[in-house]
Protein chains: 2
Amino acid sequence: MADKVTIADVARVAGVSRQTVSNVLNTPDVVREETRRRVLDVVGELGYRVNRAARQMRTGRSQLIAIRIDPDRDGINGSVLDRFLHGLTDSAARAGYRVLLYTADDDRSEVATFEDLLGAYEPDGFVLTGTHHRDPRASWLLDKGVPFVTFGRPWGEEATTRHPWVDVDGSAGTAAATRHLLDAGHTHIGFLGWPAGSGVGDDRRAGWVRALAGAGVDPTGLSRATSDAVADGEAAARDLIDSDPGVTALVCVSDSLAVGALHAARSPGLAWREEDTRPDLPIAVIGFDDTPVAKAVGLTSLSQPLKEAAANCVTLLARILEGTETARASAASPAHVLLEPSLVIRQSA
Amino acid sequence: MADKVTIADVARVAGVSRQTVSNVLNTPDVVREETRRRVLDVVGELGYRVNRAARQMRTGRSQLIAIRIDPDRDGINGSVLDRFLHGLTDSAARAGYRVLLYTADDDRSEVATFEDLLGAYEPDGFVLTGTHHRDPRASWLLDKGVPFVTFGRPWGEEATTRHPWVDVDGSAGTAAATRHLLDAGHTHIGFLGWPAGSGVGDDRRAGWVRALAGAGVDPTGLSRATSDAVADGEAAARDLIDSDPGVTALVCVSDSLAVGALHAARSPGLAWREEDTRPDLPIAVIGFDDTPVAKAVGLTSLSQPLKEAAANCVTLLARILEGTETARASAASPAHVLLEPSLVIRQSA
DNA sequence: ATGAAAGCGCTAACAT
DNA sequence: ATGTTAGCGCTTTCAT
């Protein structure tokens, strides 16, 4: 076990009182320059670190940020949160916080975990991911006055302005992807999305509609909605292409669907395409999230700036935690950050 | 903020002393049945949770397990650790622990983080991943007497018996994969691996050699070593196939290399294969780790029982933490767990 | 600018 | 079987 160096040890060696050491650490400006340097030297020499548990008892601050880690649902999209998690751990450490993990199967059990965690480990704040309509988790934290930030907009009606959030502009991404295809000469550009109602999915679809509108293309009949699995994407793509042979490109709401679309686009059943007007041009496909799978199969995809998103989450949370403002006060005019995804171009488009 | 309920509140409402409440929680058998029930009722009623910080000051136990989260190096193989992490969080919670995350760029900075963490948050133990020859991290923790378990064998010479570890039997996996191919009629089965010297890579290669030997096949000239990237795998596969046209199947040390091999195996340059003795049979490929990419591209792969591995890590660590034995004592005869991977069969083999 | 005293919530030792 | 005392390491008054 590492030999415990307490504040008293530092004080003794530096020839000052315990209190002065504490001041040097917490209120440096109140200590004389010379004393400060001497104390800091001893701190370094002895390898002293403040004990969080003891500090927490006095200040009530644990320097812990809690976040849920999901089971890898689809497996393809799961990696997004994992990369976000890495960024969060990194940024948090720089800001003097550590990340505490928890799991939960659904919103209800997650709220139960909030209570548990708050009562026991007392994390200073939470980072919520996967926000959705009428998210009970946000309401609960808001209600208790627990500081938190969400990675993902609150998609509900009125909730928009009640807590700080960081998000990536999905519609800007799909619009950029669509424009990229338009620039490449495509006009019949389809969209593979999720069933209406999911904030994220609707938003990404909107970007495609907007870009098509900008080029004077009517999106009617050019989109399909399905659940997020490779097989579903393949089926939906096939259906869309069959019903409208003019389709030469597909923008997809996720890499999962895009990988499915790629299968469909390259399948033998589409051999007739070779007698098409553009025989040398296979159906272009663009996915969303730039997952490892996209990289492996050469799929053009939209990349979220996850590291930046994580850094912003920490900044926003730290602002609440360290600012004079309380969580409730900051809820009055919470900060929002909307980042732009970037298109990573590969063989598929 | 959740209203703080202390042990004193519970004691007052239940009409007992603080100490009795503490006893009910920590040494139930020393309290009379009736008192115990009454106290527990009040605990539930008031929603009391022990404050970890306060307990930690007394007991020195934080109920925290620290683990490093890696940047997704390759992106394909990265997902393995992420799935392990989820399992660890889950198992830890069940055992009364929480997972604390940290990042580090290399062994040296990881050791520095150990010091930092130990001095500040005082995690009860560590779970190390990615163990390798002469791992300085294990030595450091061993030296300081800090409890830890590794997910991965200590590959070094003498170190084998100095700390508890959990691992997956890579050579059993590649042997099973090779046997699967032999059973399917393949005889010229190649191996794509990493340069010699990495414990994991050498072990996986050994399984392939062993299985071939069992079938009386000479492995000479049938393997290639390369770094772990898709493009490298493709190049190595092409080289191997070109130099020995008899090769009809490939076992790979990772999904990254396997995906590359798949590209090579399906590339136009191999068209001559159609005039082969088995024209209907493309080159079979088997990967390792059963990553999302494997699933997406239909790659047969070896799946590690990550959830089980994580659970075993927690069990082993908890045994040290909660047993009477000290870390040092348990180091005298540490427990080892070796799990078997399973072959997930898909189109590629 | 520095020091002394008090107490955060809990549990290990020692009474009763 | 239950209660009392003390103190973990720190920071926040308050005094010097």
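When reading the values below, keep in mind they use all heavy atoms of this one structure, side chains included, and skip hydrogens, waters and symmetry mates. All chains are named by letter (A, B, ...) in the order of the sequence lines, taking the proteins before the strands, and each is independently numbered beginning at 1.
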Task: Bend angle of the helix from C:dA1-D:dT16 to C:dT16-D:dA1, from helix axes over five pairs at each end, nearest 10° - done: 40°
Task: A:E122 (side chain) donor-acceptor with A:G60 (main chain) under 3.5 angstrom - done: no
TODO: Please indicate whether B:R18 has more than 12 foreign heavy atoms, meaning atoms of other residues, nucleotides or ligands, lying under 6.0 Å from its CZ.
DONE: no
- [ ] State, with a plain yes or no, whether a side-chain heavy atom of A:D135 is found less than 4.5 Å away from one of A:H132.
- [x] yes
Open item on the list: Does any part of the side chain of B:V166, heavy atoms only, come nearer than 4.5 Å to the side chain of B:L339, both counted from C-beta?
Closed with: yes
Compile the donor-acceptor pairs under 3.5 Å between side chains in residues 308-315 of chain A and protein atoms, sequence neighbours left out, one pair per line.
from   : atom 1 : to     : atom 2 : distance (Å)
A:N312 : ND2    : A:E308 : O      : 2.9
A:T315 : OG1    : A:A311 : O      : 2.9

- [ ] Can you run down the salt bridge (charged side-chain N to carboxylate O under 4.0 Å, His left out) pairs that involve residues 51-62 of chain A, sequence neighbours left out, and say none if there aren't any?
- [x] A:R61-A:D124
Task: Residue list, side chain to side chain contact (heavy atoms under 4.5 Å, CB included) with A:R49, at least two apart or on another chain - done: B:E115, B:D116
Only distances under 3.5 Å count here; give the side-chain donor-acceptor pairs of residues 33-42 of chain A to other protein atoms, sequence neighbours excluded, each with its distance to 0.1 Å.
from  : atom 1 : to    : atom 2 : distance (Å)
A:E33 : OE1    : A:R36 : NH2    : 3.1
A:R38 : NH1    : A:A14 : O      : 2.3

Task: 4.5 Å side-chain heavy-atom contact, A:H163 and A:L141 - done: no
TODO: Look at the side chain of A:T131 and the backbone N and O of A:G152, then say whether any donor-acceptor pair between them is shorter than 3.5 Å.
DONE: yes
TODO: Give the first and the last nucleotide of DNA chain D, reading 5' to 3', that has any atom under 4.0 Å from a heavy atom of chain A.
DONE: D:dG9 to D:dT12
- [ ] Pull out every residue in residues 9-16 of chain A that has a heavy atom closer than 4.0 Å to any atom of DNA chain C, ordered by number, or say none.
- [x] A:V16
- [ ] With a 4.0 Å heavy-atom cut-off, tell me which residues in residues 27-44 of chain A come close to DNA chain C, sorted by residue number.
- [x] A:V30, A:V31, A:R32, A:T35
- [ ] Applying side chain to side chain donor-acceptor pair (under 3.5 Å), name anything that partners A:T129, two or more places apart in sequence or on another chain.
- [x] none
- [ ] For DNA chain C, note the earliest and the latest nucleotide, 5' to 3', having some atom under 4.0 Å of a heavy atom belonging to chain B.
- [x] C:dG9 to C:dA13
Task: Derivation and outcome, side chain to side chain contact (heavy atoms under 4.5 Å, CB included), residues B:L317 and B:Y97 - done: CA-CA 11 Å; B:L317 199 49; B:Y97 294 87; over 6 Å; no
Task: Sequence neighbours excluded - ring pair (Phe, Tyr, Trp, His ring centres under 6.0 Å) pairs with any residue from residues 99-118 of chain B - done: B:F114-B:F126, B:F114-B:W140
TODO: For B:R153, enumerate each residue passing the side chain to side chain contact (heavy atoms under 4.5 Å, CB included) test, keeping only those at least two apart in sequence or located in another chain.
DONE: B:W155, B:W165, B:D167, B:D203, B:L338
Task: Check: A:Y121 side chain, B:Q63 main-chain N or O, donor-acceptor pair, under 3.5 Å - done: yes
